[in-house]
Undergrad: 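What follows is a structure written as structure tokens; I'll ask about it next.
Only this structure's heavy atoms are used, side chains among them; waters, hydrogens and symmetry mates stay out. Note that this is a predicted model, so its numbers are computed, not measured.
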Amino acid sequence: MNDSVLKSASPSLPADIRTGDPAIDRYLSQIDAHLIGTRGIRRATLLEARDFIVDASTDAADRDAAILAATREFGSPADIGSIQRRERHGMLLKIALATGPAFALLMLLAQVLGLPGPGGWGARALVFVLNMLFFGLAMGVSFAYAIGTPAPSKTPSTAIGGGDGFTVAYRTSSRTLCWILIAVFGTMQLFLLLGLFGADPTGIFNAWMWPLITLMLFVNIKNLGAPLHALRFSAEVTPGALRIHRLTGPLLLQRQQIATITRPSYPRQVFSTQYGQQRRIGWRDEDGSLRHATVSLPPDIINGDRLLAWLEAAADDNAAQGLNPARPPHAG
């Protein structure tokens, strides 16, 4: 793969990443030259490198020597870029395999139920492969090189357990997109319902058989539910508590209640009314019973990675202190 086509132009480091120290900023620029993806994708690697070097050199007697030692320990820009490219390519493959076959199966089922398309199983098999490849690769490229996906947090438990609180919320652009999705799929849902009775004013769905319309109505439940969940979601996090605002109502959890944080199974995610990278939070109720709530933490959520780190640290600390059963290994 020619990685050069996967990197957007970035003539200089963003102002909020620069440290003002020529040696550190030069090292970060060298790393950036070896990374792929949009600025948002490369940002995570640059922030990790910057924070590592700044932390290692802040209180050093000989700061220049400490910076040099820290850059050598963190790695050469070429090696860091090679690792980042492998991770991004792996993400492309993972997302393509997760989304391509699912979309192709959905389209095949729709064709079987009457969606206009090629006749004969040979032609349908070809269309299945094309749907799988094009949709899977499109989703993989989008999330691996343009949008990004939350990575497992490397923040130590002690760093997350203390300090100030923070807010978790979707960006304004994402909320605007949610309203657009609701308008588009809400209109489609209405026309599908009218199509069941042959009253679709567009005439598109009147000729569809009811099994096909029923399937599309079911699929659209997720397409409408996901943006509704996103519009309602936000969270406030303090060192000792988490308050989540969600479509099904607010949820207040104390840190010592957190028992597990896992990734839901693939079927559970498919049939959920949420999109994005989902996490299932397990917590102990007042009577000691284990309860669960699922949140979606896509990359366009501000401080989503910090929330994930807070949850993981809380589950680890509570398990170590015997407050909750041992946390299962975190997936992803």
Side-chain angles (χ1 to χ4, degrees), residues 37-41 43-44 91 95-96 98-100 102-103 106-107 135-136 138-151 166-194 202 204-205 213 215-237 242-253 261 263-264 266-281 292-308 310-311 332:
T38 60
R39 177 174 294 185
I41 294 291
R43 180 183 178 85
M91 184 64 67
I95 293 177
T99 60
F103 176 77
L106 174 62
M107 295 306 297
F135 185 83
M139 295 296 291
V141 168
S142 298
F143 282 94
Y145 307 118
I147 301 174
T149 55
F166 57 92
T167 299
V168 184
Y170 279 88
R171 303 180 189 277
T172 302
S173 58
S174 299
R175 297 177 64 83
T176 301
L177 177 60
C178 286
W179 284 114
I180 295 174
L181 292 175
I182 290 173
V184 171
F185 288 111
T187 302
M188 182 178 179
Q189 198 79 334
L190 174 61
F191 288 164
L192 284 168
L193 287 171
L194 292 174
T202 68
I204 296 175
F205 305 118
I213 295 181
L215 172 65
M216 298 309 297
L217 285 170
F218 177 77
V219 171
N220 259 2
I221 291 176
K222 185 180 184 79
N223 293 331
L224 282 172
L228 287 172
H229 277 288
L231 287 171
R232 191 66 185 92
F233 176 82
S234 66
E236 294 90 36
V237 186
L242 164 65
R243 180 184 294 275
I244 302 176
H245 303 279
R246 51 187 184 155
L247 187 62
T248 54
L251 176 64
L252 176 62
L253 298 175
I261 172 68
R263 178 175 294 175
Y266 183 70
R268 183 184 290 271
Q269 293 191 53
V270 168
F271 290 100
S272 167
T273 54
Q274 299 187 60
Y275 284 139
Q277 298 288 317
Q278 298 176 29
R279 293 296 185 271
R280 197 163 186 244
I281 307 170
H292 294 90
T294 300
V295 295
S296 179
L297 299 176
D300 53 339
I301 284 188
I302 300 171
N303 285 328
D305 55 342
R306 294 184 67 184
L307 173 58
L308 180 58
W310 187 93
L311 289 166

Undergrad: Among Thr187, Ile182, Leu181, which one satisfies side chain to side chain contact (heavy atoms under 4.5 Å, CB included) with Phe185?
TA: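 Passing option: Leu181.
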Undergrad: Looking at every non-hydrogen atom in both residues, tell me the closest pair between Pro264 and Arg268 and how far apart they are.
TA: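 Heavy atoms only, the tightest pair is CB-CD, 3.5 Å.
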Undergrad: When you compare the side chain of Arg171 with that of Ile302, does any pair of heavy atoms fall below 4.5 Å?
TA: yes
Undergrad: Quick one: are Gln278 and Ser272 in side-chain contact, heavy atoms under 4.5 Å?
TA: yes
Undergrad: Start with the C-alpha distance between Phe191 and Thr202, add both sets of side-chain angles, then the distance that settles side-chain contact (heavy atoms from CB on, under 4.5 Å), and finish with yes or no.
TA: CA-CA 8 Å; Phe191 288 164; Thr202 68; 3.6 Å; yes
Undergrad: Side-chain contact test, heavy atoms from C-beta onward, threshold under 4.5 Å: evaluate it for Val237 versus Arg306 and give yes or no.
TA: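 A side-chain contact is absent here, since even the closest heavy-atom pair is not under 4.5 Å.
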Undergrad: How long is the gap from CZ on Arg263 to CZ on Arg280, to the nearest 0.5 Å?
TA: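 So the CZ of Arg263 and the CZ of Arg280 are separated by 14.5 Å.
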Undergrad: Within the structure provided, determine whether Leu242 and Trp310 are in side-chain contact (heavy-atom separation under 4.5 Å).
TA: yes
Undergrad: Which distance, rounded to the nearest 0.5 Å, do you find between the CG of Leu252 and the NE2 of His245?
TA: 9.5 Å
Undergrad: The test is side-chain contact (heavy atoms from CB on, under 4.5 Å); show your working for Tyr145 and Ile41 and say whether it passes.
TA: CA-CA 7 Å; Tyr145 307 118; Ile41 294 291; 5.6 Å; no
Undergrad: Please confirm whether the backbone N or O of Val295 pairs with a side-chain atom of Arg279, one donor and one acceptor, at under 3.5 Å?
TA: no
Undergrad: Find the distance between CG (Asn223) and CZ (Phe218) and round it off to the nearest 0.5 Å.
TA: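 It is 11.0 Å, given to the nearest 0.5 Å.
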Undergrad: Checking side chain to side chain contact (heavy atoms under 4.5 Å, CB included) against Tyr170, which of Ser234, Cys178, Pro227, Pro298 comes through?
TA: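 Looking at Ser234, Cys178, Pro227, Pro298, the match for Tyr170 under the side chain to side chain contact (heavy atoms under 4.5 Å, CB included) is Pro298.
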Undergrad: Measure the spacing between CD1 of Ile221 and CG of Leu217 and express it to the nearest 0.5 Å.
TA: 7.5 Å
Undergrad: Which heavy atom in Arg175 sits nearest to a heavy atom in Leu231, and how many Å separate them?
TA: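 Residues Arg175 and Leu231, closest heavy atoms: NH1-O, 3.1 Å.
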Undergrad: Compare every heavy atom of Phe205 with every heavy atom of Ile213, then report the nearest pair and how far apart it is.
TA: CD1-O, 3.6 Å
Undergrad: Are the side chain of Gln274 and the backbone of Thr294 linked by a donor-acceptor contact shorter than 3.5 Å?
TA: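 Yes, because the side chain of Gln274 sits within donor-acceptor range (under 3.5 Å) of the backbone of Thr294.
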Undergrad: If you take all heavy atoms of Leu106 and Val219, which pair is closest and at what distance?
TA: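 So the minimum-distance heavy-atom pair works out to CD1-CG2, 3.7 Å.
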Undergrad: Return the CD1 to CG distance between Ile281 and Leu251, rounded to the nearest 0.5 Å.
TA: 7.0 Å
Undergrad: If you take all heavy atoms of Asn303 and Val168, which pair is closest and at what distance?
TA: O-CG2, 3.8 Å
Undergrad: Decide yes or no for Thr99 and Phe135: does some side-chain heavy atom of the first lie under 4.5 Å from some side-chain heavy atom of the second?
TA: yes
Undergrad: Could you grab the distance from atom OG1 of Thr248 to atom CZ of Arg232, nearest 0.5 Å is fine?
TA: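 Answer rounded to 0.5 Å: 9.5 Å.
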Undergrad: With a 3.5 Å distance limit and no angle check, can you tell me whether Lys222 reaches the backbone of Phe271 through a side-chain donor-acceptor pair?
TA: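 Between the backbone of Phe271 and the side chain of Lys222 there is no qualifying donor-acceptor contact (under 3.5 Å).
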